[in-house]
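Down below is the structure, laid out as structure tokens.
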2 protein chains.
Amino acid sequence: MSNALASSPKRDHLMATAWRLFYRDGLRAVGIDTILAEAGVAKMTLYNHFASKEELIISILEKRDVEFRASLMGHVEAAGPDPEKRLLAVFDWLEGWFGSESFKGCVFIRAVSEYPDPSHPIHQTARRHKVAVKAALTDLCAAAGAKEPATLAEALGLLIDGAIVTAHATRSTAPARSAAVAASALLRLATA
Amino acid sequence: MSNALASSPKRDHLMATAWRLFYRDGLRAVGIDTILAEAGVAKMTLYNHFASKEELIISILEKRDVEFRASLMGHVEAAGPDPEKRLLAVFDWLEGWFGSESFKGCVFIRAVSEYPDPSHPIHQTARRHKVAVKAALTDLCAAAGAKEPATLAEALGLLIDGAIVTAHATRSTAPARSAAVAASALLRLATA
DNA sequence: GCGAGAATATACAGATCTGTCTATTTCCTT
DNA sequence: AAGGAAATAGACAGATCTGTATATTCTCGC
């Protein structure tokens with residue numbers, strides 16, 4: 001029997017296929033059989049790599065958390081050394097994301113929505129992602145010279161999550177610009 | 001056969017029971033049979049009042065939209081005539097909501113999350129709610145003397161949705177205060 | 001008391017869900 | 001070529017899902 005944590009081509013392929021379907025249609029809406037048919041993989045292969053659908057979901061969320069933050073911070077790095085530019089690059093990155101063809105909101109917000117009980121492992125995994133993102137935001141705010149980095153990061157985090165939700169509900173990239181303008185104003189106040 | 005739109009005690013009771021279960025556990029997670037057992041109502045009674053589960057959900061969302069905005073605006077009215085106080089009363093109202101025992105986020109955000117396809121009737125119903133709330137916010141911003149009421153309302157809407165999501169994910173009322181502080185700052189800038 | 005409309009219990013259809021089991025085959029390493 | 005792990009197909013269990021059909025009972029106005 002294979003180790004449930006080890007990486008393998010089949011495991012990676014299952015996670016990639018499941019991710020695409022879960023993100024497109026929802027965690028509860030997509031069944032195991034649909035994933036298997038789409039991936040062209042046998043059912044026992046899935047259950048040799050993952051103990052359950054729930055563990056599959058959590059593995060995907062944890063992977064997405066790492067990828068999400070790497071993509072975000074990669075865009076921040078590309079913005080150069082100016083701390084203010086770096087912070088506002090977050091909102092450019094959001095705008096690009098919102099405009100992508102397959103954009104369907106934030107999978108972590110959606111996971112919290114689908115598993116609303118705070119004690120549920122999937123809910124908790126999604127929460128950990130939000131905490132990690134806020135920590136990264138706090139670093140950026142501190143570097144930008146905010147007097148209370150955590151306070152500013154909290155406000156920017158609200159703008160970001162609100163923008164994601166609004167962009168999904170209204171199918172528009174405009175919330176990224178609105179959030180950027182508000183964030184810029186708050187940053188100015190927080191560093192003055 | 002009864003009219004699907006008419007009000008009746010059984011219909012109201014079904015909607016109240018379904019609302020409680022849907023909000024607590026999720027729209028897809030709760031089955032018809034669970035609602036019927038909890039409400040103590042026969043299956044045919046439900047299908048005499050609603051064509052499908054989807055229609056039941058939409059009816060509940062539309063009712064909640066009206067109740068939600070009535071509750072919010074009621075709190076605004078109670079804040080008195082000062083336009084700035086009225087606008088900031090929105091965030092006090094949020095804090096009370098976040099602190100309530102049964103708080104599980106915003107059912108409309110969660111509906112968008114569970115039915116991510118923008119063409120789905122449930123998704124569209126949830127979007128209409130968000131549009132209606134933003135219109136109400138715009139009125140409040142205009143009354144408070146904002147130079148660009150729609151722009152300010154957009155930013156406040158992002159703060160509100162972000163606060164709801166964050167409060168749900170972190171099980172805390174703190175996002176209401178953070179949003180209030182940021183909103184107050186943005187209001188000052190927008191009226192200066 | 002009667003009759004009509006509403007609600008009931010119950011069974012059912014047909015699909016789908018997660019997860020298990022078994023027997024076979026494929027594939028890689030030695 | 002042989003051994004062993006991994007993947008396969010496919011049946012299966014047992015539950016659950018939405019929605020339908022039928023026949024009975026309840027309730028209430030007249």
Side-chain angles (χ1 to χ4, degrees), chain A residues 1-61 111 114-115 117 120-123 125, chain B residues 1-61 111 114-115 117 120-123 125:
Chain A
M1 189 194 330
S2 72
N3 187 325
L5 295 175
S7 178
S8 85
K10 286 285 172 191
R11 184 186 155 96
D12 293 346
H13 180 230
L14 272 172
M15 285 179 70
T17 303
W19 157 249
R20 183 167 50 82
L21 297 177
F22 281 147
Y23 184 61
R24 191 188 64 188
D25 297 335
L27 300 175
R28 294 198 115 107
V30 176
I32 291 292
D33 289 342
T34 305
I35 296 167
L36 296 173
E38 189 79 7
V41 164
K43 185 173 274 196
M44 279 313 296
T45 302
L46 187 150
Y47 281 102
N48 278 334
H49 284 292
F50 304 94
S52 62
K53 180 184 178 182
E54 178 178 311
E55 192 186 285
L56 170 63
I57 290 174
I58 289 174
S59 296
I60 290 172
L61 290 181
E114 291 211 61
Y115 298 86
D117 179 357
H120 195 289
I122 293 176
H123 186 108
T125 302
Chain B
M1 187 193 334
S2 73
N3 187 323
L5 295 176
S7 177
S8 85
K10 285 285 172 192
R11 183 186 155 98
D12 293 347
H13 180 230
L14 272 172
M15 285 179 71
T17 302
W19 157 248
R20 183 167 51 81
L21 297 177
F22 280 147
Y23 184 61
R24 192 188 64 186
D25 297 334
L27 300 174
R28 293 197 115 107
V30 176
I32 291 293
D33 289 342
T34 305
I35 296 167
L36 295 173
E38 188 78 9
V41 164
K43 185 173 274 195
M44 279 313 296
T45 302
L46 187 150
Y47 281 102
N48 278 335
H49 284 292
F50 304 94
S52 62
K53 181 185 177 181
E54 178 177 311
E55 192 186 285
L56 170 62
I57 290 173
I58 289 174
S59 296
I60 290 172
L61 289 182
E114 291 210 62
Y115 298 87
D117 179 359
H120 195 287
I122 293 176
H123 186 107
T125 302

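Between the NZ atom of B:K53 and the P atom of D:dC17 there is a distance of 8 Å, rounded to whole Å. The nearest whole Å value for the distance from the CD1 atom in A:I57 to the C1' atom in C:dT18 is 12 Å. Between the C1' atom of D:dC17 and the CG atom of A:D33 lies a distance of 14 Å, rounded to the nearest Å. To the nearest angstrom, P of C:dC17 lies 18 Å from CD of A:E54. Rounded to an integer number of Å, the gap from B:K10 NZ to D:dT25 C1' is 13 Å. Atom-to-atom, CG of A:N48 to P of D:dG4 comes out at 19 Å; the value is rounded to the nearest Å. Rounded to an integer number of Å, the gap from OH of A:Y47 to P of C:dT22 is 17 Å. A:L36 has its CG atom 12 Å from the C1' atom of C:dC17, to the nearest Å.
Closest to the side chain of A:K43, out of C:dT20, D:dT18, D:dT22, is C:dT20. Closest approach to the B:V41 side chain among D:dT8, C:dT18, C:dT8 is made by C:dT8 (side chain taken as heavy atoms from C-beta onward). Each of D:dA7, D:dT8, C:dG19 was ranked by its minimum atom distance to the side chain of A:M44; first place goes to D:dT8.
A sub-4.0 Å separation between OP1 or OP2 of D:dA7 and a side-chain N or O of A:H49 is present.
Using modelled atom types, no side-chain atom of A:R28 and backbone atom of B:R28 make a donor-acceptor pair closer than 3.5 Å.
Among all heavy-atom pairs drawn from B:K53 and B:L27, the shortest one is NZ-O, 3.0 Å.
Within the 4.5 Å cutoff, no side-chain heavy atoms of B:H49 are placed close to those of B:S59.
Taking CD1 of B:I32 as the reference point, atom CG of B:L46 lies at 5.0 Å (rounded to 0.5 Å).
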